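Quick caveat, the model's predicted, so the values are computed rather than measured. Order of listing sets the numbers, starting from 1, for every ligand and every atom in it. Heads up: numbering here begins at 1 and tracks the sequence.
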Amino acid sequence: MNAALKSWVDECAALCKPDHVVWCDGSESENTRLIDEMLASGVLSKLNDAYPNSYLHRSNPNDVARTEHLTFICSKSKDDAGPNNYWMSPEDGKAKLVGLYAGCMKGRTMYVVPYLMGPAGSPSSKVGIEITDSPYVVVNMRIMTRMGEVALRQLGHSSEFVKGLHSLGDLSPDRRFIMHFPEERLIWSIGSGYGGNALLGKKCFALRIASTQARDEGWFAEHMLIVGIENPKGETTYVAAAFPSACGKTNLAMLVPPASQKGWKVWTVGDDIAWMRVGPDGRLWAINPEAGFFGVAPGTGSKTNPNAMASLKKDSIFTNVAVTKDGMPWWEGIDGPVPESLTDWKGNPWAKGSTEKAAHPNARFTAPAHQCPSISPKWEDPQGVPISAIIFGGRRARTAPLVYQARDWNHGVYVGASVASETTAAQTGAVGVVRRDPMAMLPFCGYNMGDYFSHWLRMGTRMKAPPKVFHVNWFRQDAAGKFVWPGFGENLRVLRWVIDRCHGEGAAVESPIGWLPSPGGVDMSGLNLDPALQSDLFAVDKGEWKAEAENVAEFFAKFGDRLPAEMENQRKTLLARLG
Ligand code: GTP
Ligand code: SPV
Ligand code: MN
C-alpha cells in the first residue's frame with residue numbers, strides 16, 4: 001500500500017464521513033456491480049439491445065455543462081492565476097469547501113479511483129487519484145482513462161500523483177465549486193456531477209493542473225485533437241488542432257475522406273487533449289492522455305461523423321440525450337426521420353414539431369477510444385506521434401478566412417493568442433457571443449496566460465523543427481446566416497494544403513495576416529460553391545482585421561507586464577502590414 005495515498009484517502013474519509021470506502025480496481029465485475037446498483041437506484045437506465053451494454057443518464061437539469069464562473073485557481077499569488085482565471089487564496093478556498101465537504105458523504109459510498117493519463121509505460125503519462133461519491137463518475141472514468149490496477153502499478157510507492165476530491169454535495173449551484181490548488185497538484189470539486197466539473201482527469205487535471213506542470217517542466221498540455229493524415233503513397237503526417245469547446249475537434253479527429261479524395265486516410269489519435277514534448281530529434285511529439293471520447297451528441301450522425309457513430313454503438317454512456325419509445329438514444333442530427341414522439345432529456349414527453357430541443361445541446365456520449373474505426377495504430381505508442389502542424393480555429397461568422405498560415409513560430413503564437421470564437425452550449429451562459437479564447441485554453445489554462453504566452457515563445461526556441469502554425473474557420477456565414485463551407489469530411493481539402501505546406505509544397509500568397517492558399521491551392525473541384533462565396537471564404541477585410549487587432553490590444557492589456565513584449569510586437573507589425 002502506498003503510504004502517501006493511504007494517508008490522503010484517510011484524511012478525505014475523516015472529512016466527508018462516507019458509510020463505506022471502496023477502492024476501485026477497474027475490473028469488469030466491479031463495473032457490472034456499479035451499473036446494476038445505478039439501474040436499481042434510477043441513476044442509469046438501460047438502452048435498447050441495439051446498443052449493447054449502454055446506458056442513459058439524466059443529470060440534474062441545473063447541472064448540464066461546465067460552470068466557468070464557479071471554477072477557481074487557488075494559487076498562492078493572485079497574479080499567478082492571472083486575469084484569465086477566477087482566483088481565491090488557498091486558505092480561503094479550503095475554508096469555504098471544508099465546510100461543504102464536512103459529512104457530505106454520510107449515507108453514501110466513497111470510491112477511490114486510481115487512473116493513468118496516457119498510455120501505460122509512457123514517459124509522458126501521469127497518475128491521478130479521484131475520490132468521488134458518484135458511481136456515474138466512476139464508470140465514466142473507466143471509459144475515459146486507464147483506471148485501476150494499471151495506475152497503481154505505475155504509481156508504485158511514489159507520492160507523485162494528482163489528488164482530486166469530488167462530491168456531488170447537494171447539487172445546488174449555490175454550493176458548487178471547482179477549485180484547483182496548482183502548487184499542491186490538488187483539485188477539490190463539489191456540487192456538480194457533470195463532465196469537466198466531475199470527471200477530474202479531463203479538464204481539471206489534464207489541462208489546468210497539467211498546464212502548470214508543463215510550464216514548470218518544459219512541455220505542453222493543450223486543448224487539442226491529434227490526427228494522422230495518410231496520403232495515397234502511405235505517408236502519414238500528424239497534426240494537432242486547438243478549437244474551443246463544441247467547435248469541431250471530435251469531428252476533425254474522426255474525419256472520413258469524401259469519395260472525391262481517393263486514397264487518403266485519416267487516423268484518430270485523440271479528440272480533446274494533447275500532451276506534447278520536444279523529442280531528442282528536436283521535433284514535437286504528442287500523446288493523447290485520455291482513453292475515451294466525451295463527445296457532443298447533437299449534430300453527430302452517419303453523414304457528419306460515422307466514426308463517432310460506430311464508436312458509441314456499445315459499451316457507452318449517454319448523458320442528457322432523448323430516448324425513443326423503444327429505448328434508442330436520440331438527438332438532433334442523428335440519422336433517420338424525427339420520431340413523432342420521444343422522451344426528452346429531462347424525462348418529459350416530447351412531440352415532433354416542439355420548439356424545445358429533445359436532447360440538451362450539450363448532451364454527450366462517453367465511448368471507448370479503441371472502438372473508433374479510425375483509431376490510429378499509434379494511439380497508444382508510449383513515444384507519441386511527431387507533430388508537423390498546429391492548427392488553431394474558432395467559430396467566426398466573419399473575419400477569419402477558411403485557412404491561413406502563420407509566418408513563423410512567433411507569429412503563430414500570436415495567431416493562437418488572438419483566437420476568438422462564438423460561445424457554445426459546452427459552458428453555461430450566453431451562446432453565440434464572440435470572446436477571445438487564446439489557444440482554445442481560456443477556461444483551461446491553470447495559470448496567468450501572460451506567462452503561458454511566454455512559455456509558448458520559449459518552447460519555440462527549444463525545437464529544432466517546430467511545427468508550422470495555421471488558423472482555420474469552418475464557420476464563415478453568408479448574408480443569410482448559412483455556413484458557406486460544407487465542412488466535416490470536406491475539411492480534408494484544407495488539411496491537404498496544410499500538410500503540403502509542411503512538406504515545402506502547396507501554393508501560397510502572402511497577405512497581411514499570413515500566407516493564404518493561392519487560387520486553386522485548396523482543391524474546390526466538385527463542391528459546386530457559388531464563385532462569389534468561394535472567393536469570400538478567403539477574403540481578408542483590412543477594416544475588420546484592424547478592429548480585430550484593437551480588440552486583441554484590449555485583451556492583451558489585461559495582462560499588464562506579464563504579457564511578453566513579443567506579443568505586442570507581433571500585433572504592431574500586423575497593424576503595419578494592414579497599412
Ligand atoms: P468539445 O468536446 O466540447 O471540446 O467539442 P469539440 O471541439 O470536440 O466539438 P465537436 O467536434 O463535438 O463539434 C461540435 C459541434 O460542431 C457539432 O454539433 C458538430 O456537428 C459541429 N461541427 C463540427 N465540425 C463542423 C464543420 O466542419 N462544419 C460545421 N458547420 N459544423 C461542424
Ligand atoms: C469541453 O467543454 O471542452 C469538453 C466537455 O470537452 S467537458 O468535459 O465538460 O469539459
Ligand atoms: Mn473539450
Determine whether the side chains of [X] and [Y] contain a donor N or O and an acceptor N or O closer than 3.5 Å.
X: Asn140; Y: Thr366; value: yes
X: Arg277; Y: Ser124; value: yes
X: Ser245; Y: Arg66; value: yes

Task: Atom name in Asp272, limited to N/O/S, at shortest distance from the Mn ion (ligand 3) - done: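 Nearest to the Mn ion (ligand 3) within Asp272's N, O and S set: OD1.
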Looking only at protein heavy atoms, which one is nearest to [atom], and how far off is it?
atom: atom 19 (C) of ligand 1; result: Asn251 ND2, 3.7 Å
atom: atom 4 (C) of ligand 2; result: Lys203 NZ, 2.8 Å
atom: atom 9 (O) of ligand 2; result: Gly196 N, 2.9 Å

Going by the order shown, which atoms of ligand 1 are within less than 4.0 Å of some heavy atom of [X]?
X: Val296; answer: 12 (O)
X: His223; answer: 4 (O)
X: Pro244; answer: 7 (O)
X: Arg395; answer: 15 (C), 16 (O)
X: Phe483; answer: 30 (N)
X: Arg364; answer: 1 (P), 2 (O), 3 (O)
X: Asp272; answer: 4 (O)

Does ligand 1 come near enough to [X] that some N or O of the ligand is less than 3.5 Å from an N or O of the residue?
X: Phe488; result: yes
X: Lys249; result: yes
X: Asp271; result: no
X: Gly487; result: no
X: Thr300; result: no

- [ ] Classify the contact between Trp485 and ligand 1 as side chain, backbone, both or neither, using a heavy-atom distance cut-off of under 4.0 Å.
- [x]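 Neither; no heavy atom under 4.0 Å.
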Open item on the list: Applying a heavy-atom cut-off of 4.0 Å, say which part of Cys247 lies close to ligand 1: side chain, backbone, both or neither.
Closed with: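 Contact part for Cys247 vs ligand 1: backbone (N, CA, C, O).
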TODO: Check the pair His180 / Tyr447 against side chain to side chain contact (heavy atoms under 4.5 Å, CB included), numbers first and verdict last.
DONE: CA-CA 10 Å; His180 304 74; Tyr447 61 101; over 6 Å; no
Open item on the list: So which atom in His360 and which in Pro298 form the shortest heavy-atom distance, rounded to 0.1 Å?
Closed with: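 Distance-wise, the nearest heavy atoms are O-CG, 3.4 Å.
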TODO: Look at atom 17 (C) of ligand 1 and find which of Pro298, Gly489, Ala246 reaches it with the closest heavy atom.
DONE: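 The residue whose heavy atom sits nearest atom 17 (C) of ligand 1 is Pro298.
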Open item on the list: Would Thr304 count as a contact residue for ligand 1, given that I'm defining contact as a non-hydrogen atom of the residue lying under 4.0 Å from a ligand atom?
Closed with: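 For ligand 1, residue contact (heavy atoms, under 4.0 Å) with Thr304 is absent.
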TODO: Would you check whether Glu490 reaches within less than 4.0 Å of ligand 1, judged by its heavy atoms?
DONE: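 No heavy atom of Glu490 comes that close to ligand 1.
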Task: Spacing of Met254 atom CE and Ser374 atom OG [to the nearest 0.5 Å] - done: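 OG of Ser374 is found 6.5 Å from CE of Met254.
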TODO: Would you give the length of the straight line joining atom CG of Asn473 to atom CZ of Arg396, rounded to the nearest 0.5 angstrom?
DONE: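 The CZ atom of Arg396 is 7.5 Å from CG of Asn473, to the nearest 0.5 Å.
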- [ ] Examine all N, O or S atoms of Lys203, backbone included, and report whether one is under 2.8 Å from the Mn ion (ligand 3).
- [x]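 It does: Lys203 brings an N, O or S atom closer than 2.8 Å to the Mn ion (ligand 3).
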TODO: Determine, for Arg146 against Glu380, whether the closest basic-nitrogen to carboxylate-oxygen distance falls under 4.0 angstrom.
DONE: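 Yes, this pair counts.
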Open item on the list: Looking at Arg476 and Glu544, is there a salt bridge between them, counting it only when a charged N and a carboxylate O are closer than 4.0 Å?
Closed with: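 Here Glu544 does not pair with Arg476 in a salt bridge, since their nearest N and O are not under 4.0 Å apart.
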Open item on the list: My understanding is that only residues two or more places apart in sequence, or in another chain, count here; which of them pass side-chain contact (heavy atoms from CB on, under 4.5 Å) with Pro306?
Closed with: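 Partners of Pro306 under the side-chain contact (heavy atoms from CB on, under 4.5 Å) test: Val256.
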